[in-house]
Amino acid sequence: MSTPHVPFGTATRPADWWRTAVVYQVYPRSFADSDGDGVGDLPGITAHLEHLERLGVDVLWLSPVYRSPMDDNGYDISDYQDVDPVFGTLADLDELITGCHARGIRLVMDLVVNHTSDEHPWFVESRDPTSPKRDWYWWRPPRPGHAPGTPGAEPTNWESVFSGPAWELDEATGEYYLHLFSRKQPDLNWENPDVRRAVYAMMRWWVDRGVDGFRMDVIDLISRDPRLPDGVVPPGGHYGPSHAAVLNGPRLEEYLAEMNREVGLGAGHLLTVGEMPGSTIELARRVTDPARRELDMVFTFQHVDLDVRPGGAKWDTVPVPLPALKATLAAWQEGLADVGWNSLYWNNHDQPRAVTRFGDDSPEHRVSSAKTLGTVLHLHRGTPYVYQGEELGMTNASFTSIDDYRDIESIRFHAEATAAGVPEETVLRALALKGRDNARTPMQWDAGPNAGFTTGVPWLAVNANHDSINAAAAEADPASVFNHYRALIALRHEHPLVVDGRFELLLPDHPQLWVFTRSAAGRALVVLANCSSQPAPVDAGALPLLDGSTVLLATHPGRDGLDLLPWESRVVELLSRP
Ligand code: GLC
């Protein structure tokens, strides 16, 4: 029997309630395992809701728990309206929704509708060329003049994000189907109105079940030029040569507006956030313009792609100077200052851990750098996202063998690169830096066996540093990253300037300091952060603003000099703006 959900403020919540909210992302596989099979599950999440409540977050975004062959850990869905047995049952999900709502936390589902699993009944039917479902996917004959299966016979030159061509030959019919991700993730054809109708009906079913919104997986891929032109290499980014031809397609905004209307997303005050790896500021501004009723916010990739060598793949990394990072975030702040809304993130299940990547995960600086990164991000204007373990300052995995990795992207990259002659050591170094499994090691609950994540054998190794980095220790320590995040979240809830103050970047070229103001109606906050592992003297003359200020939050409470320690940061309030 499923537990009916508690209706939670649907009627009364303001349309833009998410402006004051902080979202916490749970990657269910790695959060908490309740039954000892080594894989996290829904009852595990429900049992740990107190952690989220203590942190003070408003929304839980649940990465996919739908039925799936798990080729891409659940981002390959074979039944949108059921829970995979590895995660539990629909009744367990209802219980999680009820548990969240009882604590004042809303629940947002992951919506993966650019593609399904190849085991979804729609695709299984579509394999038959005479089926009405044939046109639900992108089936195409080989390139003219090429026999099926011969080199170069793929209908376009598009590459899969997970290496190799984006087309898979079906021997039975001699036709290829499109899969921008793995061959087990065939792309849906959104040109077909029946596909769109089926997706909207499924979304309404979830809304009726009590969910409070959707995080939309690679939503900027759903529309494409039906002529399927060969691709052009886009500058930067980790999307391959194909993607200039498939990102931000001609009907994207039409589909988003239609979805919003048909599902009642805006009308129901549901949270919508689109993952848009190819979004420009201009597109984000249009898509998140409330008057257009498309999406509430988008995830940009520009700041997390800064370490990609221009024209390279995600594995070809270059150092990111602080001024470039500051400028990227500032450009989005300015671009969406008057219309639209930002989402703010350092981490998710696809990105390496921020404290390793942008901070300093050495024992000396880990805590301060995790806090300072949190401060800088949460004090920008937009809705912040916290990815599980970020609030503990969890670090990259430090894996040293390909056998440690589980992610399809990492495994395929390793196979392809080593086959092409790249030294194994180079490949492993790239994986240790950028591999998605860095984000997916199990949540570190305590110092006990397997960090309290499971009583069985974890599906992915637990980080050895869980003996010191774990939730139990962090919750008990007033100076922990956890308690700093808690204070940051409380500050957003209490201080209107954190939500709405206008953003202005100061000292844009400073190589160590990240300084900005948030101001409105003669009042201002100043964020002063040393984003480096060396001390940074601040020239008081450069910041006359700081006179007569009150410190609201600091990594090193009690210090007020302007010679900042490594990774020291402060949020100060100016009582009157000069
Ligand atoms: C998104 C997801 C990622 C997944 C991909 C394909 O980028 O965040 O985990 O592999 O889409 O669904």
Side-chain angles (χ1 to χ4, degrees), residues 23-31 61-64 72-75 110 112 161-162 181 215-220 236-239 273-279 297-309 312-320 324-325 328-329 332 342-361 366 369-370 373-374 376-378 380 382-399 405-410 413 429-443 460 463 481 485 531:
V23 182
Y24 186 92
Q25 183 193 352
V26 169
Y27 192 67
R29 245 188 135 65
S30 304
F31 195 65
W61 149 25
L62 191 62
S63 276
D72 185 20
N73 289 358
Y75 283 89
D110 219 305
V112 188
V161 174
F162 297 153
F181 294 87
R215 172 269 182 188
M216 304 179 185
D217 194 64
V218 286
I219 204 70
D220 59 354
H238 64 262
Y239 274 63
V273 51
E275 188 200 23
M276 309 239 302
S279 178
M297 56 193 123
V298 307
F299 289 129
T300 165
F301 275 49
Q302 287 186 352
H303 65 305
V304 291
D305 281 345
L306 287 173
D307 64 359
V308 176
R309 189 183 301 285
K314 82 179 246 184
W315 313 104
D316 304 322
T317 51
V318 290
V320 181
L325 188 57
T328 303
L329 264 71
W332 280 75
N342 273 291
S343 67
L344 307 167
Y345 75 96
W346 289 132
N347 292 275
N348 59 41
H349 63 291
D350 295 329
Q351 299 293 334
R353 291 284 179 181
V355 69
T356 305
R357 186 182 196 182
F358 299 112
D360 178 338
D361 66 4
R366 184 187 64 86
S369 68
L373 287 172
V376 166
L377 190 80
H378 283 236
H380 276 69
T383 299
Y385 288 71
V386 180
Y387 174 66
Q388 66 185 44
E390 177 182 341
E391 77 281 18
L392 309 177
M394 273 178 64
T395 66
N396 271 5
S398 307
F399 290 153
Y405 289 90
R406 297 286 174 272
D407 177 23
I408 180 172
E409 182 189 53
S410 296
F413 163 64
R429 209 174 323 118
L431 287 176
L433 227 50
K434 295 289 287 287
R436 303 194 299 180
D437 282 337
N438 285 304
R440 300 175 181 183
T441 61
M443 179 72 176
L460 179 68
N463 196 315
V481 179
Y485 265 71
C531 292

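Residue numbers start at 1 and run along the sequence shown.
Listed by chain and number, the residues in a salt bridge (Lys or Arg N to Asp or Glu O under 4.0 Å) with D407 are R436, R440 (sequence neighbours excluded). By the side-chain contact (heavy atoms from CB on, under 4.5 Å) test, A397 pairs with F399, N438, T441, sequence neighbours left out. The side-chain contact (heavy atoms from CB on, under 4.5 Å) test applied to T383 returns W18, V23, M297, W341, Y385, not counting sequence neighbours. In this view, R429 and E425 satisfy the salt bridge (Lys or Arg N to Asp or Glu O under 4.0 Å) rule, not counting sequence neighbours. Remark: T317 pairs with no residue by the side-chain hydrogen bond (donor to acceptor under 3.5 Å, both in side chains) rule, at least two apart or across chains. Applying the side-chain hydrogen bond (donor to acceptor under 3.5 Å, both in side chains) test to R357 and every residue at least two apart in sequence or in another chain returns D307, Q351.
For the pair M394 and V355, the minimum side-chain heavy-atom distance is 4.5 Å or more. No side-chain heavy atom of L373 sits less than 4.5 Å from a side-chain heavy atom of E390. A 4.5 Å side-chain heavy-atom check between I219 and E275 finds every atom pair outside the cut-off. Contact of the H349 side chain with the R29 side chain is not registered, since no non-hydrogen atoms from C-beta on lie closer than 4.5 Å. For the pair P384 and W346, the minimum side-chain heavy-atom distance is 4.5 Å or more. Residues T395 and R366 are in side-chain contact: their nearest non-hydrogen atoms beyond the backbone lie under 4.5 Å apart.
Closest approach of G435 and W315 over heavy atoms only: N-CZ3, 3.7 Å. Looking at every heavy atom in both residues, N347 comes nearest to P352 through OD1-O, 3.5 Å. Across all their heavy atoms, L344 and L377 have their closest contact at CD1-O, 3.4 Å. Contact between G393 and A370 at its shortest, heavy atoms only, is CA-CB, 4.1 Å. Here the shortest heavy-atom pairing between D361 and T356 reads OD2-OG1, 2.9 Å. Shown here for V298 and S279, the closest heavy-atom pair between the two residues is CG2-OG, 4.3 Å.
In this structure, the separation between CD on Q388 and CZ on F31 is 6.0 Å, given to the nearest 0.5 Å. Here the straight-line distance linking atom CG of N342 with atom OG1 of T300 works out to 8.5 Å at 0.5 Å rounding. Annotation: the span from D437 atom CG to L431 atom CG amounts to 9.0 Å, rounded to 0.5 Å.
Checking Y387, F299, Y24 one by one against Y345, the ring pair (Phe, Tyr, Trp, His ring centres under 6.0 Å) holds for a single residue, F299. For the side chain to side chain donor-acceptor pair (under 3.5 Å) test with Y27, the passing option among D110, D350, N348, N73 is N73; the others fail.
The ring of Y75 has its center no closer than 6.0 angstrom to the ring center of F181.
At distances below 3.5 Å, at least one donor-acceptor pair connects side-chain atoms of D220 with backbone N or O atoms of G278.
Side-chain contact, W332 with Q302: a donor N or O sits under 3.5 Å from an acceptor N or O.
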